[in-house]
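Heads up: the structure comes next, in structure tokens.
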Amino acid sequence: YTTGVIGKWHLGHGPDFLPQNRGFDHSVVFHGNTSLQFTRIDDPEMVSIKVDFHDEGKDIAWTREGLNQIRVNGDIVEVDQYLMFYFRDRALDFIEQNRHQPFMLYYPMNSPVPPLQVPKVYFERLRDSIANISLRGYSAMLLAQDEMIGALLDKVRALGLERDTFVVFVSDNGSAPSRPGNNGPFSGGKYTTFEGGIRMPFMMKWPGHIPAGLVYHQPVSTLDILPTTAAACDVSTSAAQTLDGVDLLPYLTNQASGSPHEVLYWKLAGFCAVRKGRWKLYLEPRRGIARLFDLDTDPAEKRDLAAEQPAIFEELNMKFRFPIVIIDEDFRSENASGLGIRALADALEKEGVEVLGVTSYGDLSQFAQQQSRASTFVLSVDDEELAGLNLDGTTHTAAGTYNDSWSFTDATGNYSDASGSVETTGSTTTTTNTTTTSTTGTTSTSSESCVADPTETSISSASSFTLT
């Protein structure tokens with residue numbers, strides 16, 4: 001099938017991270033966080049308002065230069081049209097051109113992020129109902145956004161593709177506190193793991209399959225989009241690395257009961273959360289903060305029930321504190337930065353990591369800030385190298401090949417994931433067919449090497465990775 005992305009990219013601008021190198025056949029994007037909606041700022045038919053820190057930064061919002069330039073399949077183009085309208089038209093073109101073949105369109109809209117620029121016609125429609133000018137401008141952008149989405153749905157319907165098209169609409173986080181949006185009745189917003197930051201609009205549309213008007217109340221995640229759409233297209237994911245998401249279709253069509261997820265986890269810098277049913281544990285490990293909330297009765301997260309519900313508090317706290325075992329290849333007591341193994345263990349435990357065993361050293365304080373999986377992590381350190389294999393809670397004591405995924409970070413905090421096969425024979429463990437990705441623009445690669453004897457009781461198999 002044909003793949004396209006149109007809108008805001010913001011997923012890295014190094015060569016390895018560009019759309020055309022990440023599986024997209026067609027792209028119309030800007031690479032940065034935001035871009036000028038309309039270049040003629042003094043146009044009387046356009047309203048332009050500054051609302052938060054993005055507006056004050058040099059070359060961030062109010063420019064079309066650098067990462068804000070519009071690129072079509074990598075080539076820079078000049079756009080004089082209102083940018084939201086331009087992306088709408090390119091999306092309509094993509095649907096029209098691919099109407100006779102399967103396609104996937106990713107349409108990350110550049111609204112309502114700064115710069116807050118909107119045609120006056122939308123702004124004036126809200127004059128009588130919203131007095132605050134910033135809020136009116138922000139809401140006017142949402143009106144325009146609604147029309148852009150409607151145009152795409154109308155196009156799909158007009159081409160007779162509606163019943164064969166799976167549509168997902170979702171936000172990436174709650175409104176930022178610095179902007180005129182409103183996350184009520186929830187607390188917090190973007191940059192936090194309170195409900196105002198992580199609870200979002202999430203809609204799916206597939207006529208004839210998902211009942212119209214259905215409201216599903218169990219906790220779900222954007223991680224569920226991939227397995228759900230794959231199932232809708234009758235594509236098996238069994239050969240892929242283990243997915244954290246769940247196929248939601250059985251739950252949305254009454255073929256499955258209960259909750260799709262037993263537990264959900266969030267981690268954003270120093271903010272964390274664990275959700276199990278109605279209960280949510282909010283954490284700021286570095287500040288020693290842990291609060292328990294009943295979201296059914298307290299969606300605003302105002303009443304801490306940790307003291308009243310100690311068993312639930314401890315259960316969720318233990319789910320957050322994933323265990324780790326640390327080993328070292330040459331058993332030196334200090335690394336290049338001078339942080340001893342005990343200091344390392346203390347740093348990890350402050351981040352909610354349960355250290356099961358320590359045999360040597362490593363400066364991994366950055367690692368704890370990046371890792372959030374609730375599973376046993378076997379970590380191997382060699383001098384300035386930082387390496388690890390996430391065994392997803394399993395141990396491999398017999399010879400054989402096992403499919404695993406692992407995570408590692410370098411000394412500056414660049415975090416990567418990888419997957420492949422782990423082959424254990426006798427006393428050697430090697431990795432093959434590995435792939436890596438980085439969320440920070442730094443590519444990391446793995447090397448094949450033996451680091452552990454699989455007959456040991458504490459560490460049954462592990463692999464060493466060298467970051468380059």
Side-chain angles (χ1 to χ4, degrees), residues 1-11 19-20 22-30 37 70-73 79 81-113 118-119 121-122 140-172 200-216 220-235 237 245 247-253:
Y1 57 93
T2 301
T3 56
V5 54
I6 297 172
K8 171 182 173 177
W9 179 242
H10 203 214
L11 293 172
Q20 57 267 35
R22 305 300 289 178
F24 287 99
D25 302 311
H26 180 68
S27 63
V28 183
V29 300
F30 58 87
Q37 287 277 6
I70 312 305
R71 291 170 167 83
V72 176
N73 296 323
V79 176
Q81 189 179 9
Y82 182 60
L83 196 54
M84 205 188 310
F85 293 170
Y86 174 77
F87 286 145
R88 172 203 61 194
D89 292 346
R90 302 293 76 76
L92 294 174
D93 291 343
F94 180 85
I95 296 172
E96 176 75 32
Q97 293 163 5
N98 294 284
R99 65 189 185 278
H100 296 307
Q101 62 180 347
F103 65 84
M104 189 281 285
L105 173 62
Y106 171 44
Y107 185 53
M109 302 187 71
N110 60 320
S111 169
V113 298
V118 64
V121 62
Y122 297 101
M141 290 191 78
L142 293 177
L143 278 181
Q145 184 178 20
D146 185 64
E147 286 194 3
M148 303 308 102
I149 296 170
L152 267 63
L153 296 179
D154 289 344
K155 184 69 170 180
V156 168
R157 188 178 301 112
L159 294 175
L161 302 176
E162 185 176 28
R163 296 183 68 83
D164 294 324
T165 303
F166 196 112
V167 179
V168 177
F169 174 86
V170 66
S171 178
D172 56 351
M200 316 170 299
F202 191 171
M203 288 169 271
M204 291 182 171
K205 181 177 184 290
W206 191 20
H209 299 272
I210 298 176
L214 172 70
V215 179
Y216 188 71
V220 296
S221 166
T222 51
L223 295 169
D224 301 327
I225 295 175
L226 173 57
T228 301
T229 53
C233 297
D234 198 26
V235 174
T237 60
D247 173 16
L248 297 178
L249 289 176
Y251 297 92
L252 301 179
T253 56

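Predicted model only: the values in this text are computed from it and were never measured. Each residue takes its place number in the sequence, starting with 1.
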Are the side chains of [Y] and [X] in contact, using a 4.5 Å heavy-atom criterion?
X      : Y      : answer
Met204 : Leu252 : yes
Met109 : Met84  : yes
Thr2   : Gln101 : yes
Tyr107 : Phe87  : yes
Pro201 : Val170 : no
Gln20  : Ser27  : yes

First locate atom [atom1] of [X], then atom [atom2] of [Y], and finally report the distance between them rounded to the nearest 0.5 Å.
X      : Y      : atom1 : atom2 : value
Trp9   : Phe30  : CH2   : CZ    : 12.5 Å
Ile210 : Thr253 : CD1   : OG1   : 8.5 Å
Asn110 : Gln37  : CG    : CD    : 4.0 Å

Show the numbers, then the answer: is there a side chain to side chain contact (heavy atoms under 4.5 Å, CB included) between Leu105 and Leu152?
CA-CA 11 Å; Leu105 173 62; Leu152 267 63; 4.2 Å; yes

Does Phe85 have any ring-ring contact (aromatic ring centres under 6.0 Å, His included) partners at least two apart in sequence or in another chain, and if so, which?
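Only Tyr82 meet the ring-ring contact (aromatic ring centres under 6.0 Å, His included) criterion with Phe85.
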
Sequence neighbours excluded, which residues qualify as ring-ring contact (aromatic ring centres under 6.0 Å, His included) partners of Phe103?
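Checked Phe103 against ring-ring contact (aromatic ring centres under 6.0 Å, His included); matches are Phe94.
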
Among residues two or more places apart or on two chains, list those pairs meeting side-chain hydrogen bond (donor to acceptor under 3.5 Å, both in side chains) that have a residue in residues 220-233.
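Passing the test, one end in residues 220-233: Asp224-His261.
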
Sequence neighbours excluded, every pair satisfying side-chain hydrogen bond (donor to acceptor under 3.5 Å, both in side chains) that has a member inside residues 203-215:
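Checked against side-chain hydrogen bond (donor to acceptor under 3.5 Å, both in side chains) - neighbours excluded - the pairs reaching residues 203-215 are Glu162-Lys205.
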
Asp89: which residues meet the salt bridge (charged side-chain N to carboxylate O under 4.0 Å, His left out) condition with it, sequence neighbours left out?
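Asp89 satisfies salt bridge (charged side-chain N to carboxylate O under 4.0 Å, His left out) with no residue once adjacent residues are dropped.
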
Listed by chain and number, what are the side chain to side chain contact (heavy atoms under 4.5 Å, CB included) partners of [X], not counting sequence neighbours?
X      : answer
Thr165 : Val156, Leu161, Val167
Arg90  : Ile6, Val28, Gln81, Tyr86, Asp93
Met104 : Tyr1, Thr3, Phe24, Tyr106
Pro227 : Leu243

Show me the pairs that pass salt bridge (Lys or Arg N to Asp or Glu O under 4.0 Å) and involve residues 98-113, at least two apart or across chains.
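Only Glu96-Arg99 qualify under salt bridge (Lys or Arg N to Asp or Glu O under 4.0 Å).
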
Any residue meeting side chain to side chain donor-acceptor pair (under 3.5 Å) with Asn73, in chain and number order, not counting sequence neighbours:
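Expected list: His26.
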
Donor-acceptor pairs under 3.5 angstrom involving side-chain atoms of residues 140-151: please list them, not counting sequence neighbours.
| from | atom 1 | to | atom 2 | distance (Å) |
| --- | --- | --- | --- | --- |
| Gln145 | NE2 | Ser111 | O | 3.3 |
| Glu147 | OE1 | Tyr122 | OH | 2.8 |
| Glu147 | OE2 | Arg125 | NH1 | 3.2 |

